[in-house]
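FYI, side chains are in, hydrogens and waters are out, and symmetry mates aren't considered; it's all heavy atoms of this structure.
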Amino acid sequence: MPTILGQNQYGKAENRVVKITRDGGTHHIKDLNVSVALSGDLDDVHLTGSNAHCLPTDTTKNTVFAFAKEYGIESAEQFGIHLARHFVTSQEPIKRARIRIEEYAWERIASSDANSKFIGADEVNHSFVRKGQETRVTQITFDGAKWEVISGLKDLVVMNSTNSEFWGYIKDQYTTLKEAYDRILATQVSGRWRFNWTEDDQRMPNWERSYEQTRKHMLEAFAETYSYSLQQTLYQMATRIINHRSEIDEVRFSLPNKHHFLVDLEPFGLKNDNEVYYAADRMYGLIEATVLRDGATAQIPVDMTNL
């Protein structure tokens, strides 16, 4: 029975590259996990075994490290753009490049005055601790003419200990959940936002500032929204981003509801006045939605598992 080759791509996944920038005694770290996927005129590689159009995955790995040296890493987005442009424009068979990057943040370790004097330095600017709050992510796609940049974060855990309610919902014979008029609202944010920068002749966003400000507006909306549902909070978070960041047209969030249940302390003769909770990691409600700038079309995949 005849077969037809469908969509295909190849590349080197999860290239861990750490770039140290030394500015005198002050050092800066960029720690990335870079995955390259290339597609194009690659039928013969599959159908006949000819590698004439195949750039080895080992070469793509080497390119990642060489570019870290040659161009530096100003931001995850800028680094991905350099790579995608290179693969599409330097290799005729390659028509499309997708670069996915995770960035792991580090913060400088503050030293005590006594310790600084002990080691004979005024400041220590080369010691870091890995931040555990979130992982920054980006995906850059380039087809030789158009760019698509989708950035975001995952694993950012946030909590409001009050100013959250949940009541007035549908009840049937299987409903046991009690209405809540003062509850903990907590979630582990996975969010993506799509930039409206698509062509080289457009003004490129300041990627580092954009991420910093987008994260700030997202967190401010979470903190400042009096919530009657996680869905409402999600919408406010995404709306705040779009209203304040003109370079972003689409935001999608996946927010698991990290349930906190009041513990029944009555068997011990104690009253639990919204003080002691059981934090449940499973099962959890999962709230997901896309919010768009008026006139924009949705392009971020509904399933962000592999984005």
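Looking at Thr60 and Val64, their side chains never come closer than 4.5 Å, going by heavy atoms from C-beta outward. Gln139 is not listed as a side-chain neighbour of Val137, based on a closest heavy-atom distance of 4.5 Å or more. In this structure, Arg209 and Ser75 have side chains that are not in contact, with every pair of non-hydrogen atoms separated by 4.5 Å or more. Considering only heavy atoms from C-beta on, Tyr277 stays 4.5 Å or farther from Val263 through its side chain. Side chains of Arg215 and Gln133 form a contact here, defined as non-hydrogen atoms less than 4.5 Å apart. The shortest distance between side-chain heavy atoms of Ile248 and Thr214 falls below 4.5 Å. Side chains of Leu255 and Leu286 form no contact here, defined as non-hydrogen atoms less than 4.5 Å apart. Looking only at side-chain heavy atoms (C-beta outward), Phe253 and Thr290 stay at 4.5 Å or farther from each other.
Across all their heavy atoms, Leu292 and Ile242 have their closest contact at C-CD1, 3.7 Å. The nearest pair of heavy atoms linking Phe79 to Gly72 is CD1-O, 3.7 Å. When every heavy atom of Ala84 is checked against every heavy atom of Ile140, the shortest pair comes out as CB-CG2, 4.2 Å. Closest heavy-atom contact between Leu156 and Met218: CD2-CE, 3.5 Å.
A distance-only check finds no donor-acceptor pair linking the side chain of His260 to the backbone of Tyr278 [under 3.5 Å]. Of the possible polar contacts, none joining the Ser210 side chain to the Asn206 backbone as a donor-acceptor pair under 3.5 Å is found. Within the 3.5 Å criterion, the main-chain N or O of His46 finds no donor-acceptor partner in the side chain of Asp43. Not a single donor-acceptor pair under 3.5 Å links the side chain of Arg98 to the backbone N or O of Val36. Looking only at distances, a side-chain donor or acceptor of Asn15 sits under 3.5 Å from a matching main-chain atom of Val34. Under a 3.5 Å cut-off, the side chain of Asn160 and the backbone N or O of Phe222 do form a donor-acceptor pair. No donor-acceptor pair closer than 3.5 Å links the side chain of Tyr10 to the backbone N or O of Cys54. The backbone N or O of His27 sits nowhere less than 3.5 Å from a side-chain atom of Asp23 that would complete a donor-acceptor pair. Put simply, the side chain of Gln236 never gets that close to the backbone of Gln232: no donor and acceptor are under 3.5 Å apart. The backbone N or O of Pro301 lies less than 3.5 Å from no partner atom in the side chain of Arg192, so there is not a single donor-acceptor pair.
Under 3.5 Å, the side chains of Asp172 and Thr175 contain a donor-acceptor pair of N or O atoms. Inspection of the Thr233 and Thr225 side chains reveals no N or O donor paired with an N or O acceptor under 3.5 Å. One side chain, Asp155 or Gln188, offers a donor N or O that lies under 3.5 Å from an acceptor on the other. Under the 3.5 Å distance criterion, with hydrogens and angles disregarded, a donor-acceptor pair is assigned to the side chains of Glu288 and Ser254. Side-chain contact check for Ser35 and Arg100: no donor-acceptor pair (N or O, by modelled atom type) lies under 3.5 Å. There is a side-chain donor-acceptor pair under 3.5 Å between Asp182 and Thr162.
Aromatic rings of Phe195 and Trp147 (six-membered ring for Trp) have centroids beyond the 6.0 Å cut-off, not under it. Proximity of the aromatic rings of Phe67 and His86 is defined here by a centroid distance below 6.0 angstrom, and this criterion is met.
With respect to the salt-bridge test (charged N to carboxylate O, under 4.0 angstrom), the residues Lys154 and Glu134 do not qualify. Residues Lys216 and Glu212 are not paired through a salt bridge, judged by the lack of any N-O separation under 4.0 Å between the basic side chain and the carboxylate. The pair Glu247-Arg203 does not meet the salt-bridge criterion, since no charged nitrogen lies less than 4.0 angstrom from a carboxylate oxygen.
Cation-pi geometry between Arg136 and Tyr211 is met: under 6.0 angstrom from the ring centre, within 45 degrees of the axis. The side-chain tip of Lys171 points at the ring of Tyr169 from less than 6.0 angstrom away and within 45° of straight on.
In this structure, Tyr228 and Tyr226 have tilted ring planes: the angle between them lies in the 30° to 60° band.
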Report the C-alpha distance between Arg96 and Ser39 in whole Å, list the side-chain angles of each, state the deciding distance to 0.1 Å, and finish with yes or no for side chain to side chain donor-acceptor pair (under 3.5 Å). CA-CA 5 Å; Arg96 183 174 184 269; Ser39 55; 4.6 Å; no
Step-by-step side-chain contact (heavy atoms from CB on, under 4.5 Å) determination, Glu165 to Glu179: CA-CA 8 Å; Glu165 306 179 16; Glu179 293 187 333; over 6 Å; no
Apply ring pair (Phe, Tyr, Trp, His ring centres under 6.0 Å) to the pair His259 and Tyr284, showing each step before the final yes or no. CA-CA 7 Å; His259 297 296; Tyr284 54 85; 8.0 Å; no
For a side chain to side chain donor-acceptor pair (under 3.5 Å) check, start with the C-alpha distance between Glu77 and Ser151, then their side-chain angles and the critical distance, and finish with the verdict. CA-CA 8 Å; Glu77 288 85 357; Ser151 296; 2.7 Å; yes
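Clustering ILVMFWY residues whenever any of their side-chain heavy atoms sit less than 4.5 angstrom apart, transitively, puts Val291 in the very cluster that holds Val149.
Interatomic distance, CG of Leu262 versus NZ of Lys178, reported as 10.0 Å (0.5 Å rounding). In this structure, CD1 on Ile94 lies 13.5 Å from CG on Asp143, to the nearest 0.5 angstrom. A distance of 13.0 Å separates CD in Glu250 from CH2 in Trp193, rounded to the nearest 0.5 Å. The CG atom of Leu38 sits 12.0 Å away from the NZ atom of Lys12 when rounded to the nearest 0.5 Å. Separating the CD atom in Glu148 from the OG1 atom in Thr141 is a distance of 5.0 Å, to the nearest 0.5 Å. Here NE2 of His82 is found 13.5 Å from OG1 of Thr63. Values are rounded to the nearest 0.5 Å.
Within 6.0 Å of CD on Glu14 lie no more than 12 heavy atoms contributed by other residues, nucleotides or ligands. Within a 6.0 Å sphere centred on CD of Glu74, other residues, nucleotides and ligands contribute 12 heavy atoms or fewer. A 6.0 Å sphere centred on CD of Glu199 holds more than 12 heavy atoms belonging to other residues, nucleotides or ligands.
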